[in-house]
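Read through the structure below, which is laid out as structure tokens, and then see the notes.
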Amino acid sequence: MRRLRFLPGQALPVCTPRVPGVWRWLSPANAPRPDGTVEFHVRSVADGAVSPVLVDQVAAGELLWLGPACDLGLSLADSAGADLLLVAGGTGLAPLRALVEQAAAAPTGQRVTLVVGSRTLLDLYDAVALDKLASAHRDWLTVVLAFSDDRDVEPAAQGDVLSVALYHYRSGQAIYVCGPPQMIKAARQRLPLTGVAGDRLHLATTFDRALDSAVWMSRQRAASRGPLAVRDDDAEGEGVQGSSGELSCD
């Protein structure tokens with residue numbers, strides 16, 4: 001009925017009528033497409049209220065409620081034209097893959113290194129899409145895989161994703177990091193110590209508590225008067241970006 005408007009790197013509140021009033025923030029894994037389709041990556045959390053429903057129960061043709069997009073701090077406009085180092089943990093790959101598609105759609109001459117972290121080779125997902133992106137844009141895109149707990153892969157691919165990313169870091173690159181809250185926290189602590197300038201470091205905002213319908217409606221009213229307010233905190237919750245594929249907000 002109406003075109004969904006969003007930019008690569010943003011997140012949208014998503015709700016299924018199967019769990020009414022419970023919203024989760026999800027980041028599209030694609031740049032806006034001519035046909036209007038949107039791709040979300042969701043990893044089921046064992047005790048989650050929403051992710052198992054989206055993964056195991058929602059079927060083709062069902063309705064989902066989507067709200068207006070909000071920024072996560074991952075806009076390519078903030079890179080000032082610098083080469084990019086994109087660091088993804090788990091389903092934190094989704095918004096960074098959208099940034100790669102954005103760069104492909106409007107080439108700026110930026111070289112892009114996308115480092116994708118996973119625990120083991122078997123835990124790696126979206127490998128086919130990564131292969132297609134790397135093959136289609138080999139002149140400016142390099143995809144690097146990092147496995148934190150897999151001794152059967154080649155030695156160069158062994159290690160936590162931040163350590164592998166730092167190995168590929170080159171001075172002057174703009175770094176974008178998206179993944180579980182603990183990964184974002186580690187990046188905030190580690191990367192500046194290696195000489196990464198603060199204005200070159202872009203960390204995804206993470207949200208940790210469920211967004212109920214009453215709070216969402218109040219924010220809808222506030223949004224009509226100004227920008228949507230979001231919080232970046234360490235509150236415990238069942239929906240987190242990266243490990244669950246969800247973003248939830250208090």
Side-chain angles (χ1 to χ4, degrees), residues 7-11 26-33 39-41 43 72-121 123-148 150 153-154 156-180 183-184 186-187 190-191 194 196 200-206 241-243 245:
L7 296 175
Q10 291 184 327
L26 300 177
S27 294
N30 60 283
R33 296 168 175 167
E39 179 179 332
F40 292 118
H41 293 177
R43 176 167 292 167
L72 297 178
L74 299 176
S75 171
L76 279 192
D78 297 329
S79 69
D83 288 344
L84 305 175
L85 177 61
L86 310 180
V87 187
T91 50
L93 170 61
L96 300 187
R97 204 189 88 181
L99 295 185
V100 173
E101 289 191 7
Q102 180 183 10
T108 60
Q110 293 170 293
R111 300 193 65 82
V112 180
T113 300
L114 173 61
V115 183
V116 181
S118 180
R119 194 176 67 83
T120 68
L121 182 60
D123 292 321
L124 179 68
Y125 83 99
D126 210 29
V128 173
L130 290 174
D131 285 343
K132 288 181 177 179
L133 281 174
S135 297
H137 309 296
R138 62 177 71 253
D139 53 331
W140 55 266
L141 173 64
T142 301
V143 176
V144 178
L145 303 181
F147 300 99
S148 61
D150 194 330
V153 300
E154 59 184 50
Q158 296 179 16
D160 70 272
V161 66
L162 290 178
S163 296
V164 174
L166 284 170
Y167 177 80
H168 290 272
Y169 171 68
R170 299 295 179 265
S171 179
Q173 285 178 318
I175 304 181
Y176 289 72
V177 184
C178 190
M183 174 184 164
I184 299 298
R190 290 178 58 183
L191 298 185
T194 65
V196 177
R200 296 290 188 180
L201 182 57
H202 307 278
L203 305 177
T205 300
T206 58
Q241 184 177 14
S243 58

From [X] atom [atom1] to [Y] atom [atom2], the distance as rounded to the nearest 0.5 Å:
{"X": "I175", "Y": "L84", "atom1": "CD1", "atom2": "CG", "value": "10.5 Å"}
{"X": "M183", "Y": "C178", "atom1": "CE", "atom2": "SG", "value": "7.5 Å"}
{"X": "H202", "Y": "L72", "atom1": "NE2", "atom2": "CG", "value": "13.5 Å"}
{"X": "E101", "Y": "L96", "atom1": "CD", "atom2": "CG", "value": "12.0 Å"}
{"X": "L86", "Y": "L76", "atom1": "CG", "atom2": "CG", "value": "7.5 Å"}
{"X": "L74", "Y": "S79", "atom1": "CG", "atom2": "OG", "value": "12.0 Å"}

Test side chain to side chain contact (heavy atoms under 4.5 Å, CB included) on L114 and L130; report intermediate values, then the result.
CA-CA 9 Å; L114 173 61; L130 290 174; 3.8 Å; yes
Looking at side-chain heavy atoms only, is the closest gap between [X] and [Y] below 4.5 Å?
{"X": "V177", "Y": "L191", "answer": "yes"}
{"X": "S163", "Y": "R190", "answer": "yes"}
{"X": "D126", "Y": "H41", "answer": "yes"}

All side-chain contact (heavy atoms from CB on, under 4.5 Å) counterparts of T108, not counting sequence neighbours:
Q110
Checking D150 now: which residues fulfil side-chain contact (heavy atoms from CB on, under 4.5 Å) with it, not counting sequence neighbours?
T120, L121, F147, D152, V153
Go through the steps for Y169 and T194 under the test side chain to side chain contact (heavy atoms under 4.5 Å, CB included), then give the verdict.
CA-CA 10 Å; Y169 171 68; T194 65; 5.6 Å; no
Spell out, as yes or no, whether a donor-acceptor pair under 3.5 Å connects the side chain of R97 to the backbone of A31.
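Between the backbone of A31 and the side chain of R97 there is no qualifying donor-acceptor contact (under 3.5 Å).
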Check whether any side-chain N or O of Y176 sits under 3.5 Å from a backbone N or O of A204 as a donor-acceptor pair, and report yes or no.
no
Using every non-hydrogen atom in the two residues, find where L93 and A88 come nearest and quote the distance to one decimal.
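So the two residues come closest at CA-CB, 3.5 Å.
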In terms of side-chain heavy atoms, does R111 have a donor or acceptor partner in T142 at a distance below 3.5 Å?
no
What residues, two or more places apart in sequence or in another chain, satisfy ring pair (Phe, Tyr, Trp, His ring centres under 6.0 Å) together with Y167?
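Applying ring pair (Phe, Tyr, Trp, His ring centres under 6.0 Å) to Y167 gives none.
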